[in-house]
Amino acid sequence: MRITLPDGSVKEYNQGISVGEIALDISPRLRKAAVAGIVDGEMVDLSYQPRDGASVKIVTEDTEEALSVIRHSAAHVMAQAVSRLFGGVKLAIGPAIDDGFYYDFDLEHRFTPEDLEAIEKEMQRIVEQNLPITRAEVSKSAALEKVRSAGQIYKEELISDLEGDHVSFYSQGEFEDLCRGPHLESTGRLKAFKLLSIAGAYWRGDERNKMLQRIYGTAFAKRSDLEVHLARLEEAKKRDHRKLGKDLDLFSLHEEGPGFPFFHPNGVIVWNELVNYWREKHAAAGYVEIKTPIVLNRSLWENSGHWEKYRENMYFTQIDEQDFAVKPMNCPGGILVYQSSLHSYRDLPIRCAELGLVHRHEKSGTLHGLFRVRAFTQDDAHIYMRRDQVQDEIIGVIDLVDSFYRAFGFPYRVELSTKPENAIGSDDIWDLATDALRGALEARGLDYRVNEGDGAFYGPKIDFHLEDCIGRTWQCGTIQLDFVMPERFDLTYVGEDGRKHRPVMIHRTVFGSLERFIGILIEHYAGAFPVWLSPVQAVVIPVTDMHHAYAHSVARELAEAGVRCRVDDRNEKLGYRIRDAQLLKVPYMLVVGDNESSSRSVSVRSREHGDRGSVPVESFVKTITDEIRTRSGVPQKR
RNA sequence: GCCGAUGUGGCUCAGUGGUAGAGCAGCUCACUCGUAAUGAGCAGGUCGUGGGUUCGACUCCCACCAUCGGCUCCA
């Protein structure tokens with residue numbers, strides 16, 4: 001029989017040859033590295049026997065596909081270990097995920113960190129036993145019989161929901177699990193894994209269902225890959241904005257205001273720098289800026305649909321026996337500004353920005369530092385325009401967002417979210433809006449993913465997911481196209497024909513939330529902000545108290561040039577003060593002693609590169625002010 | 001909201017039925033120092049909050065709050 005290989009070559013084999021044997025035939029080394037195969041586009045086990053005419057590709061352990069096989073098998077090995085150690089455990093699901101794998105268990109006993117160690121040891125034993133992993137197909141009814149008699153109620157539910165009349169089981173030693181596969185050929189092939197954490201998870205992700213216990217772990221082809229991954233986790237922990245926010249005295253959170261962050265003087269500097277930058281770019285892009293109130297009357301929210309569609313997330317209050325709501329979004333307020341005067345078609349588009357503080361009631365368990373809060377400042381804008389301007393305006397926003405992310409060194413990914421279940425407005429309007437967004441993305445040649453049903457209740461949206469320098473992604477910017485609010489609020493402009501027409505609206509953000517964006521920046525830069533964002537840009541360190549006067553004169557000169565600068569004239573050794581500044585991630589340390597004071601110079605030490613030697617004060621001022629003005633500095637990709 | 005864990009001075013953590021301890025930070029003093037921690041001294045805590053058990057609770061029990069890891073949700 002004939003088998004086609006990825007290079008297009010065709011080989012002749014006997015009927016019944018397995019993928020593994022084909023790999024061996026090609027080369028023993030390939031066989032050794034093989035973990036699975038891809039036959040006619042389907043991932044299969046090494047034991048799979050392709051049919052005549054099939055095309056076969058060997059999946060080797062250094063590939064992304066291999067990783068998911070390895071992790072899936074690791075999940076099975078973990079389930080086997082748990083089954084050995086804890087009688088009566090019911091197995092739910094155990095897939096491979098982006099960074100590893102998990103398995104959900106239903107068990108009376110609550111897993112503890114010590115249990116993880118024991119489970120890991122048992123897994124090691126299973127690996128050492130090198131149990132062959134074999135696949136068996138059984139009829140659905142036999143499968144149901146099998147899991148029912150074993151009391152595996154979750155498997156029973158899974159099988160009942162599966163299409164087709166046959167299902168497959170994989171077994172290794174005494175352990176057997178419903179699974180589509182593929183899997184490693186034996187447990188001995190599992191070389192590098194680690195269990196990481198225990199968490200609760202609802203059966204099938206539905207909060208009405210029973211809460212199961214999930215164990216997360218990760219696995220790699222090689223020990224060294226696992227170590228790199230664990231080091232990355234460590235690195236992420238070091239960069240945690242909650243820790244750095246405390247260390248660098250940027251912000252704090254208090255029991256008195258869960259989810260309501262407090263910004264300290266250092267944090268406010270970062271905030272204001274970002275806002276300055278934002279204002280500059282928006283003014284240049286033709287935006288005006290407004291400010292609207294935080295508390296507004298119920299009738300406005302009824303009109304906008306928030307009262308009906310968004311109430312669970314809103315805070316309320318009463319004023320003079322009337323219901324008011326704390327705004328969860330800025331649009332209704334912004335619309336009142338639009339309505340406060342007549343608009344000509346000549347005025348459009350109106351690009352109206354607002355740094356609006358919104359409050360949303362998030363469930364208590366979801367709060368997380370600055371990433372998930374209950375009050376945040378959206379860098380919002382609403383663009384009111386004619387229909388013929390829609391495409392250009394969307395493209396304009398895409399370009400603006402792009403230029404912002406570029407400045408911080410964030411690569412990003414784009415997603416298009418379509419009509420959700422709780423939408424308001426007709427299908428026609430939704431189709432129109434969705435097509436417009438799609439059209440703009442395509443006009444810009446951007447790749448995007450579609451998120452069915454994930455739009456806002458009043459319109460579809462484009463989301464920007466940016467990637468920080470250790471590879472995590474965050475949703476920040478969004479562009480939402482809205483035909484519904486203009487209708488609800490009866491927005492109009494006067495057209496060329498002298499008659500009233502309906503404008504279209506775009507809601508958009510770049511940072512998303514200032515709070516979250518600052519959190520992301522903290523982690524992205526690991527707290528070492530570029531000079532323009534640094535709370536303290538330079539610290540002058542006199543060698544002894546003989547040099548205090550000179551140090552202060554240098555600091556004065558820097559301050560006059562607009563540099564945020566401090567003198568550390570504490571009675572401590574030079575090394576101590578250097579270390580202190582270094583830990584506070586001050587970009588420049590300026591050591592001044594006899595040599596410097598006699599020549600009006602500073603000895604420059606950079607946060608990144610250490611001692612740079614002496615330069616005249618004047619030239620340092622030029623260097624640092626240039627760096628600030630151009631807002632340079634993008635972190636190294638790791 | 002749900003499951004699990006945690007909560008001790010500004011920070012990091014030890015303590016575990018007999019009314020709290022370290023390091024760092026802070027303050028004072030000495031040292032006057034050249035690129036990541038000089039030394040000595042002082043001060044600082046109703047042990048998350050509220051109940052209960054006990055002769056006695058930071059320690060045991062209950063409730064609540066907050067935080068952390070997830071689930072769900074989302075900027």
Side-chain angles (χ1 to χ4, degrees), chain A residues 102 104 106 110-113 115 196-216 237 240 242-243 246-247 249 252-259 312-313 328-330 356 358 360-380 417 454 456 461 463-465 474-478 480 507-517 519-520 541-548 570-584 589-596 603-607 609-614:
Chain A
Y102 67 79
D104 287 346
D106 183 3
R110 299 293 160 201
F111 290 127
T112 64
D115 290 336
L196 296 173
S197 62
I198 308 160
Y202 300 108
W203 166 236
R204 300 201 138 174
D206 189 327
E207 59 186 325
R208 288 166 303 198
N209 287 340
K210 182 165 185 185
M211 178 69 71
L212 307 174
Q213 298 187 79
R214 173 173 299 180
I215 300 179
Y216 281 97
K237 217 162 154 187
D240 191 317
R242 291 167 300 184
K243 178 177 165 30
K246 207 178 272 178
D247 292 350
D249 201 15
S252 56
L253 288 156
H254 302 271
E255 285 202 16
E256 291 82 351
E312 321 75 74
N313 285 299
M329 293 186 196
N330 301 303
V358 298
R360 295 182 186 175
H361 181 72
E362 301 293 344
K363 292 177 185 171
S364 60
T366 65
L367 302 178
H368 181 105
L370 295 179
F371 287 167
R372 201 57 196 285
V373 293
R374 285 177 171 157
F376 57 96
T377 304
Q378 283 185 311
D379 64 321
D380 216 341
S417 298
D454 225 23
K461 58 178 185 172
D463 289 323
F464 294 85
H465 294 253
W474 306 98
Q475 204 217 297
C476 290
T478 173
Q480 305 173 354
H507 310 241
R508 45 110 283 178
T509 64
V510 179
F511 295 144
S513 131
L514 251 327
E515 287 79 355
R516 169 190 271 186
F517 196 77
I520 294 167
I541 305 178
V543 176
T544 75
D545 47 16
M546 314 258 296
H547 312 108
H548 283 189
R570 286 178 300 176
N571 183 15
E572 294 289 351
K573 288 183 75 171
L574 181 58
Y576 176 92
R577 288 172 290 159
I578 297 263
R579 176 183 150 82
D580 203 53
Q582 197 76 49
L583 290 175
L584 291 172
M589 286 146 269
L590 307 174
V591 177
V592 296
D594 286 340
N595 301 337
E596 289 75 19
S603 171
V604 179
R605 182 190 164 92
S606 116
R607 174 180 65 191
H609 311 291
D611 193 351
R612 310 300 280 169
S614 284

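Since the model is a prediction, treat every value here as computed from it, not as a measurement. Throughout, protein chains are lettered first and strands after them, A, B, ... in sequence-line order, and every chain is numbered starting at 1.
Using a 4.0 Å heavy-atom cutoff across all strands shown, Arg570(A) reaches sugar-phosphate atoms only and no base atom. Note on Glu362(A): a base of the nucleic acid sits closer than 4.0 angstrom, heavy atoms only. Looking at heavy-atom distances under 4.0 Å, Ser197(A) makes contact with sugar-phosphate atoms alone, never a base. Residue Arg516(A) is in base contact, counting any heavy-atom pair closer than 4.0 Å across all strands shown. Within 4.0 Å of Gly575(A), counting heavy atoms only, lie sugar-phosphate atoms of the nucleic acid but no base atom. Using a 4.0 Å heavy-atom criterion, one finds that Tyr216(A) contacts the sugar-phosphate atoms exclusively. Residue Gly200(A) is classed as a base contact, given a heavy-atom separation below 4.0 Å to a base. Across all strands shown, Lys461(A) has heavy atoms under 4.0 Å from sugar-phosphate atoms exclusively, and none from any base. Note on Gly205(A): only backbone sugar-phosphate atoms sit closer than 4.0 angstrom, heavy atoms only; bases stay farther off. Arg577(A) comes within contact range of no nucleotide atom at all, as no heavy-atom separation falls under 4.0 Å. Contact annotation for Gln213(A): no contact, since no heavy-atom pair falls under 4.0 Å across all strands. Within the nucleic acid shown, Val358(A) has no heavy atom closer than 4.0 Å to any nucleic acid atom. Nucleic acid contact for Arg110(A): sugar-phosphate only, since backbone atoms but no base atoms lie under 4.0 Å from a heavy atom of the residue. At the heavy-atom level, His254(A) lies nowhere under 4.0 Å from the strands shown.
Projected onto RNA chain B by closest heavy-atom contact, Val373(A) and Gly259(A) fall at different nucleotides, the more 5' of which corresponds to Gly259(A). Each of Val604(A) and Thr544(A) lies near RNA chain B, and the nucleotide nearest Thr544(A) is the one positioned closer to the 5' end.
With C1' as the reference atom, rU16(B) and rG21(B) are 13 Å apart, rounded to whole Å. Comparing the same atom, P, in rC27(B) and in rG10(B) gives a spacing of 15 Å after rounding to whole Å. A distance of about 14 Å separates the C1' atoms of rG45(B) and rC11(B), rounded to the whole Å. Nucleotides rU32(B) and rG39(B), compared at atom C1', are 14 Å apart to the nearest Å.
Ionic pairing of Arg605(A) and Asp611(A) is not present here: no N-O contact between side-chain nitrogen and carboxylate oxygen is shorter than 4.0 angstrom. Salt bridge absent: Asp380(A) and Arg508(A) never bring a charged side-chain N and a carboxylate O closer than 4.0 Å. A salt bridge links Asp580(A) and Arg570(A); the closest N-O separation between the charged side-chain nitrogens and carboxylate oxygens is under 4.0 Å.
The base-pairing partner of rC2(B), taking Watson-Crick or G-U wobble contacts with both distances under 3.5 Å, is rG70(B). Nucleotide rC33(B) has no partner under the Watson-Crick or G-U criteria, as no pair reaches both atom distances under 3.5 Å. Nucleotide rA40(B) forms a pair with rU28(B), judged by Watson-Crick or G-U wobble geometry with both contacts under 3.5 Å. When both pairing distances are held under 3.5 Å, rG45(B) makes no Watson-Crick or G-U pair with any nucleotide shown. rG17(B) makes up no base pair with any nucleotide shown, lacking Watson-Crick or G-U wobble contacts both under 3.5 Å. Within the shown strands, nothing qualifies as a pairing partner of rU59(B) under the Watson-Crick or G-U definition with both distances less than 3.5 Å.
Within the 4.5 Å cutoff, no side-chain heavy atoms of His368(A) are placed close to those of Val373(A). Between Ile520(A) and Cys476(A), the closest side-chain pair of non-hydrogen atoms falls below 4.5 Å.
Within 3.5 Å, no donor on the side chain of Tyr202(A) pairs with an acceptor on the base of rG70(B), nor the reverse. Looking at Arg242(A), its side chain has no donor and acceptor atom pair within 3.5 Å of the base of rC68(B). For Glu312(A) against rG1(B), a side-chain-to-base donor-acceptor contact under 3.5 Å is absent.
In this structure, CG of Leu367(A) is placed 12 Å from P of rG69(B), rounded to the nearest angstrom. Taking atom CG of Asp104(A) as the reference point, atom C1' of rC71(B) lies 9 Å away to the nearest angstrom. Atom C1' of nucleotide rC71(B) and atom CG of Leu212(A) are separated by 10 Å, given to the nearest angstrom. Regarding Asp106(A), its CG atom lies at a distance of 12 Å from the C1' atom of rC3(B), rounded to whole Å. At whole-Å resolution of the value, NZ in Lys573(A) and C1' in rG34(B) are 11 Å apart.
In this structure, the aromatic ring of Phe376(A) is positioned over the six-membered ring of the base of rA75(B), centres within 5.5 Å and planes within 30°.
The side chain of Met211(A) approaches rC2(B) more closely than any other nucleotide in the set rU35(B), rC2(B), rU72(B).
Taking CD of Gln378(A) as the start and CD of Glu515(A) as the end, the distance is 10.0 Å to the nearest 0.5 Å.
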Run the numbers on Trp474(A) and Phe517(A) for ring pair (Phe, Tyr, Trp, His ring centres under 6.0 Å), then give the verdict. CA-CA 9 Å; Trp474(A) 306 98; Phe517(A) 196 77; over 10 Å; no
